[in-house]
S.K.: 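I am attaching a structure below and will ask some questions about it afterwards.
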Protein chains: 2
Amino acid sequence: MAKTDRKTQILTEATRLFSESGYDKVTVKQLADACGITEPALYRHYSSKEAIYDAVLDSISKRLNYDELFEQLGKTNDVEVLLKSIANHILDYFSENQDVYRLLLYSALRGHTKSKQVYQAIRGTYVRFLYTQLDRLYEMGSIINKNNEMTARCFIGMVFDCALGVTLWKGFQGKQFDPPDVIANNVPIYVRGLTS
Amino acid sequence: MAKTDRKTQILTEATRLFSESGYDKVTVKQLADACGITEPALYRHYSSKEAIYDAVLDSISKRLNYDELFEQLGKTNDVEVLLKSIANHILDYFSENQDVYRLLLYSALRGHTKSKQVYQAIRGTYVRFLYTQLDRLYEMGSIINKNNEMTARCFIGMVFDCALGVTLWKGFQGKQFDPPDVIANNVPIYVRGLTS
DNA sequence: CACAGAAGTTAACAACCACTAACATACGAT
DNA sequence: ATCGTATGTTAGTGGTTGTTAACTTCTGTG
């Protein structure tokens with residue numbers, strides 16, 4: 001196996017394992033086993049366990065592609081379209097990358113500065129985009145006067161929490177709702193509450 | 001020091017330490033040091049590290065007092081009062097017990113079944129109360145027809161996320177908002193969106 | 001073919017961790 | 001006064017973990 005392939009494989013397995021069990025509970029042996037090699041072989045590719053962890057976080061922050069969404073939505077004048085698209089984008093992303101959110105939250109709770117930064121980079125990007133758009137819609141007279149940064153942060157928070165519900169609380173929240181249904185139910189409340 | 005006092009002290013220190021660093025990163029020695037005793041002395045009071053952890057979770061689930069809130073709000077017909085009171089109750093609780101939310105989330109991510117249950121017990125209680133009240137307000141004609149369980153879960157999710165922002169993301173979310181301000185900004189959006 | 005370097009192995013090390021055995025002391029009840 | 005119990009200590013054990021040293025195997029290149 002070529003060096004690059006092995007490195008990628010280690011990254012993939014590490015992402016999966018770390019997000020499943022958290023950094024501390026994953027042993028280097030586990031990771032090596034998952035890759036089908038021995039522990040010392042891992043150290044040919046990464047200098048330490050922490051280095052693998054850093055690489056995982058780096059790859060995560062590069063995995064998100066907002067450009068498409070932002071270009072698509074940059075010109076809409078419909079609050080409902082705006083909110084629904086952002087919500088769906090977040091939920092799609094996290095359902096396609098179920099491991100990511102868990103891993104980020106876990107790391108952030110662990111106090112890992114880098115993962116806090118990554119988490120906030122992802123989240124902050126959504127928030128900034130949304131409140132910029134809300135500012136624009138307000139100037140157009142489409143929505144009422146609010147602190148749009150607060151509004152945006154809360155809305156994104158609600159959607160993130162919903163995403164967490166899907167991945168983390170599976171089987172622990174009583175009835176299991178489909179995220180799209182939740183969006184369909186709740187975004188209109190926001191829209192009604194915001195439009196003038 | 002009497003046995004009960006020491007046991008309580010261990011519980012207090014354990015709650016603090018576990019929520020700061022997570023179960024895995026806290027060593028028994030750290031905990032013993034924090035209590036001013038040696039490791040074996042700890043084992044006079046708790047049979048294992050895991051037993052201490054269980055005790056911490058038990059004490060947390062007993063620390064919440066909803067009765068006051070629920071009795072107080074059980075008869076209000078004002079959606080805004082209802083939502084604001086619930087939101088403030090959650091935020092007050094978590095700002096008074098900053099360690100609790102961190103610990104619960106941390107444990108839940110770690111996959112600890114009991115902590116998932118505790119987290120969901122706390123959260124679920126708020127959700128059930130809110131959607132019962134929303135059902136009542138709907139029957140009274142005060143609010144529009146919605147899936148009130150979804151609405152409640154999303155609202156509670158938004159507030160929980162807000163509480164997390166205060167404790168976990170301090171210094172990582174750019175501008176720091178006061179939770180009461182956030183409530184004052186966002187609850188009215190929900191109210192406008194829900195009232196008929 | 002020779003060989004350099006990449007990638008893998010076995011064996012082991014030092015540090016750490018949860019936990020325990022064995023012993024010491026304070027103290028209330030009888 | 002004495003005994004039992006609660007609570008503490010010192011010293012140490014077995015197991016795990018991240019990491020490394022030393023050695024082997026594979027492979028592409030001049």
Side-chain angles (χ1 to χ4, degrees), chain A residues 1-59 102-103 106-107 109-115, chain B residues 1-59 99 103 106-107 109-115:
Chain A
M1 189 178 288
K3 183 183 180 177
T4 319
D5 292 342
R6 184 68 81 188
K7 263 195 120 160
T8 308
Q9 184 200 12
I10 293 171
L11 210 61
T12 306
E13 294 296 328
T15 306
R16 185 179 58 79
L17 286 171
F18 283 152
S19 63
E20 273 171 21
S21 323
Y23 180 84
D24 297 304
K25 295 247 284 183
V26 175
T27 67
V28 176
K29 173 146 178 45
Q30 263 183 287
L31 179 51
D33 283 350
C35 298
I37 52 177
T38 56
E39 297 171 72
L42 264 182
Y43 287 86
R44 299 282 174 203
H45 303 280
Y46 293 95
S47 63
S48 69
K49 188 185 175 186
E50 200 76 27
I52 298 174
Y53 188 66
D54 275 359
V56 166
L57 288 176
D58 279 338
S59 84
R102 279 181 61 90
L103 176 58
Y106 200 100
S107 312
L109 282 160
R110 204 176 143 259
H112 198 268
T113 304
K114 188 167 190 174
S115 50
Chain B
M1 188 175 290
K3 183 181 179 179
T4 320
D5 293 341
R6 184 68 82 189
K7 263 194 122 161
T8 309
Q9 185 201 11
I10 294 171
L11 211 60
T12 307
E13 295 296 328
T15 306
R16 185 179 57 80
L17 285 171
F18 284 152
S19 64
E20 275 171 21
S21 323
Y23 180 83
D24 297 304
K25 294 248 281 184
V26 175
T27 66
V28 175
K29 173 149 178 42
Q30 262 183 287
L31 178 53
D33 284 350
C35 298
I37 52 176
T38 56
E39 294 171 69
L42 262 183
Y43 288 87
R44 298 284 175 202
H45 302 279
Y46 293 95
S47 63
S48 68
K49 187 185 176 186
E50 201 76 27
I52 298 174
Y53 188 66
D54 276 358
V56 166
L57 288 176
D58 279 339
S59 84
D99 45 358
L103 176 59
Y106 203 104
S107 311
L109 282 160
R110 200 175 146 258
H112 198 268
T113 305
K114 187 167 191 174
S115 50

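Chain A is the first sequence line, chain B the second, and so forth, proteins listed ahead of strands; every chain is numbered from 1.
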S.K.: Going by side chain to side chain donor-acceptor pair (under 3.5 Å), name the residues that satisfy it together with D58(A), two or more places apart in sequence or in a different chain.
M.R.: K114(A)

S.K.: Using a 4.0 Å heavy-atom cut-off to protein, can you give one letter per nucleotide of nucleotides 16-22 of chain C, 5' to 3': B if the base is in contact, S if only the sugar-phosphate is, - if neither?
M.R.: -SBBBBB

S.K.: Which whole-number value in Å describes the distance from D5(A) CG to dG8(C) P?
M.R.: 11 Å

S.K.: Do the rings of Y106(A) and Y106(B) sit parallel, tilted or perpendicular, given the 30° and 60° boundaries?
M.R.: tilted

S.K.: Taking atom P of dG8(D) as reference, at what distance in whole Å does atom CG of D33(B) sit?
M.R.: 14 Å

S.K.: Can you check whether T38(A) has a side-chain N or O nearer than 4.0 Å to OP1 or OP2 of dG8(C)?
M.R.: no

S.K.: Using whole Å, what does the distance between atom P of nucleotide dG18(D) and atom CD1 of I52(A) come to?
M.R.: 10 Å

S.K.: Using whole Å, report how far CD1 of I37(B) lies from C1' of dT9(D).
M.R.: 11 Å

S.K.: Is any side-chain N or O of R6(B) closer than 4.0 Å to OP1 or OP2 of dG8(D)?
M.R.: yes

S.K.: When you measure from the side chain of Y23(A) to the backbone of L103(A), do you find a donor-acceptor pair of N or O atoms at a distance under 3.5 Å?
M.R.: no

S.K.: When the distance from CG of L42(B) to C1' of dT10(D) is rounded to whole Å, what number comes out?
M.R.: 16 Å

S.K.: Between E39(B) (side chain) and V28(B) (backbone), is there a donor-acceptor pair under 3.5 Å?
M.R.: no

S.K.: A side-chain contact here means heavy atoms from C-beta on lying under 4.5 Å apart; do V26(A) and Y53(A) qualify?
M.R.: no

S.K.: Would you mind listing every salt bridge (Lys or Arg N to Asp or Glu O under 4.0 Å) that reaches into residues 9-19 of chain B, with sequence neighbours excluded?
M.R.: E13(B)-R16(B), R16(B)-E20(B)

S.K.: Check this one for me: any side-chain N or O of H45(B) less than 4.0 Å away from OP1 or OP2 of dG8(D)?
M.R.: yes

